[in-house]
2 protein chains.
Amino acid sequence: MVNSEAKTPRERYRAQVQAEIKERAWEQIATAGASALSLNAIAKQMGMSGPALYRYFAGRDELITELVRDAYRSLADTFAATVRTGSDVTALAHALRTWALDDPHRYFLVYGTPVPGYHAPDDITAIAREIMAPLLDACARLPEDRPATPFDEYLEEHRDWAEGHPAPAAVLHRALTFWTRLHGALSLELAGHFTGLGFDPARFFAAELHELTGSPE
Amino acid sequence: MVNSEAKTPRERYRAQVQAEIKERAWEQIATAGASALSLNAIAKQMGMSGPALYRYFAGRDELITELVRDAYRSLADTFAATVRTGSDVTALAHALRTWALDDPHRYFLVYGTPVPGYHAPDDITAIAREIMAPLLDACARLPEDRPATPFDEYLEEHRDWAEGHPAPAAVLHRALTFWTRLHGALSLELAGHFTGLGFDPARFFAAELHELTGSPE
DNA sequence: TCACCATAGTTAGAGGTTATCACTGAAGTT
DNA sequence: AACTTCAGTGATAACCTCTAACTATGGTGA
């Protein structure tokens, strides 16, 4: 998070303050959500006046964009670290769930309700695809024991997003459903739509995962 | 939406103003999202000063709660109307998608990122369950051609949320996955996570639906 | 018809926010 | 030692929510 490559003392100071701002911002987001993020409050917490923060971030939007970027980055790193241990798609799913439960607001910063005027910068969409890569790899290692569906064929002709990944369309399809189904279960759980329903969200998540991989529960 | 049952002229006027406030609020939400909803701006649009709105809503939170309630109500009515025509689970799914695409912000008001301090009143959770009923009915009419899973058995012992619905656990499971999977596909589509990926979200939605019902694509 | 009163809408203001501006003072550089 | 760069300041504008006190008006009971 902190750029320790900085040479001059000024750059190091700047990087450190910038990092502390982000840290406070994450605390605020974790407790009250992104919409309640207040530059003023952060400044006050850090013992300086409001406008001082504008030396470090052009405004609230830029700070949030930075946080969104960090959130994406964090998930991408988590996935990369998981796959580096030779883990399968199940481990990836649990890594996702752990990452999400670890800080639900961070999850919603990535996959939650979009801000209307906002469009993610290119480097963020690049990280989004970087997240996809380990998922595709893991899905490619799964046994292909399912009959090809019409959507598989369609996907074969619309596989731009795989960016040259050699996996067959059935694998792409599996990765896609992995993403959307686990997001469906996870986001509703995190948003509290399962509370009071009497069943354990973890078990439902596991059930969805098992149906995804085809392995017995 | 408008309470035309009002007796006195004052009540009718009041109901009408209240309805117009909500209408303007929906416009604002549609263009700038719920977080950008401004009572002041609504008042100015309606040609009156800010504090006047407090005669109609106790505050911003109450207005948003009302809008959330209306959104739930709208979805429940849409489902009820769909099921009244003797439609199956497929029609229900398309009704959901149409309803969501019709006003994405309304969808996110119901199923999107939760507001941190906010807890839905009882009558809203009641509508949420009211939404579940037609879905359970439709799923019960589907042929049961799948082997029972361990999660089915687990669900049999945790079926409080079905509220006395006679459907077997397999049906509950199906309704649950219907909900979460379609939400997963839909919410990612609405949030723009599929843009630039090259495939048609409608086709993916259809593919998920077909896998859900077991019918050929 | 007239007086009354409940209520819609007003202005003023407290306290919060983002953000810009001109300025000060200190740190690093030459 | 002089100079330049830049972090942080207070003042200010323009918003926001929400409260309080006041005015004006339309419906209603005597």
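Convention: sequence-line order gives letters A, B, ...; per-chain numbering from 1.
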- [ ] Nearest whole angstrom, please: distance from the P of D/dC6 to the CD of A/E11.
- [x] 10 Å

Task: Among D/dT17, D/dT9, C/dG9, the nucleotide that comes nearest once only the side chain of B/S38 is considered - done: D/dT17

Open item on the list: Just to be sure I understand the rule, does B/R60 reach a base, reach only the sugar-phosphate, or reach nothing, if contact means heavy atoms closer than 4.0 Å?
Closed with: sugar-phosphate

Open item on the list: Does A/S49 reach a base, just sugar-phosphate, or nothing at all? Heavy atoms under 4.0 Å.
Closed with: sugar-phosphate

Open item on the list: By the definition side-chain contact (heavy atoms from CB on, under 4.5 Å), identify the one residue from B/L39, B/V17, B/N40 that meets it with B/L53.
Closed with: B/L39

Open item on the list: Please tell me if B/R14 has a side-chain N or O lying less than 4.0 Å from either OP1 or OP2 of C/dA8.
Closed with: yes

TODO: Assign B/L37 to base, sugar-phosphate, or nothing according to its heavy-atom contacts below 4.0 angstrom with the strands shown.
DONE: sugar-phosphate

Open item on the list: Whole angstroms only, please: what is the CD1-P distance between A/I21 and D/dA7?
Closed with: 11 Å

TODO: Examine C/dG9: is either OP1 or OP2 under 4.0 Å from a nitrogen or oxygen in the side chain of B/Y13? Give yes or no.
DONE: yes

Task: Audit row: B/F205, B/D200, side-chain contact (heavy atoms from CB on, under 4.5 Å) steps and yes/no - done: CA-CA 9 Å; B/F205 184 87; B/D200 181 9; over 6 Å; no

TODO: With DNA chain C as reference, determine whether B/R10 or B/V17 sits nearer its 5' end, using the nearest nucleotide of each.
DONE: B/R10

Task: Whole-Å distance separating the CE atom of B/M48 from the C1' atom of C/dT11 - done: 15 Å

- [ ] Using whole Å, report how far CG of A/L39 lies from P of C/dT17.
- [x] 10 Å

Task: Contact nearer the 5' end of DNA chain D, comparing B/P51 with B/P9 - done: B/P51

- [ ] Determine, step by step, whether B/F204 and A/F151 satisfy the ring pair (Phe, Tyr, Trp, His ring centres under 6.0 Å) criterion, reporting the C-alpha distance in whole Å, the side-chain angles of both residues, the deciding distance to 0.1 Å, and the verdict.
- [x] CA-CA 7 Å; B/F204 176 66; A/F151 185 71; 5.7 Å; yes

Task: A/Y154-B/F199 aromatic ring centre distance below 6.0 Å - done: no

Open item on the list: For a quick test of reading the model: is some side-chain N or O of B/Y56 closer than 4.0 Å to OP1 or OP2 of C/dG9?
Closed with: yes

- [ ] Measure the distance from CZ on B/R55 to P on D/dA20 and round it to the nearest whole Å.
- [x] 12 Å

Open item on the list: Test your reading of the model: is there a side-chain donor-acceptor pair from B/Q18 to the backbone of B/Y56, 3.5 Å cut-off?
Closed with: yes

TODO: Using atom CD1 of B/I42 as one end and atom P of D/dC15 as the other, report the distance to the nearest whole Å.
DONE: 17 Å

Open item on the list: In this structure, how many angstroms lie between the P atom of D/dT17 and the CG atom of A/N40, rounded?
Closed with: 17 Å

Task: A/Q28 CD - C/dG16 C1' separation (whole Å) - done: 13 Å

Open item on the list: Checking contacts here: which listed nucleotide (C/dT7, C/dT20, C/dA27) is nearest the side-chain heavy atoms of A/Y54?
Closed with: C/dT20

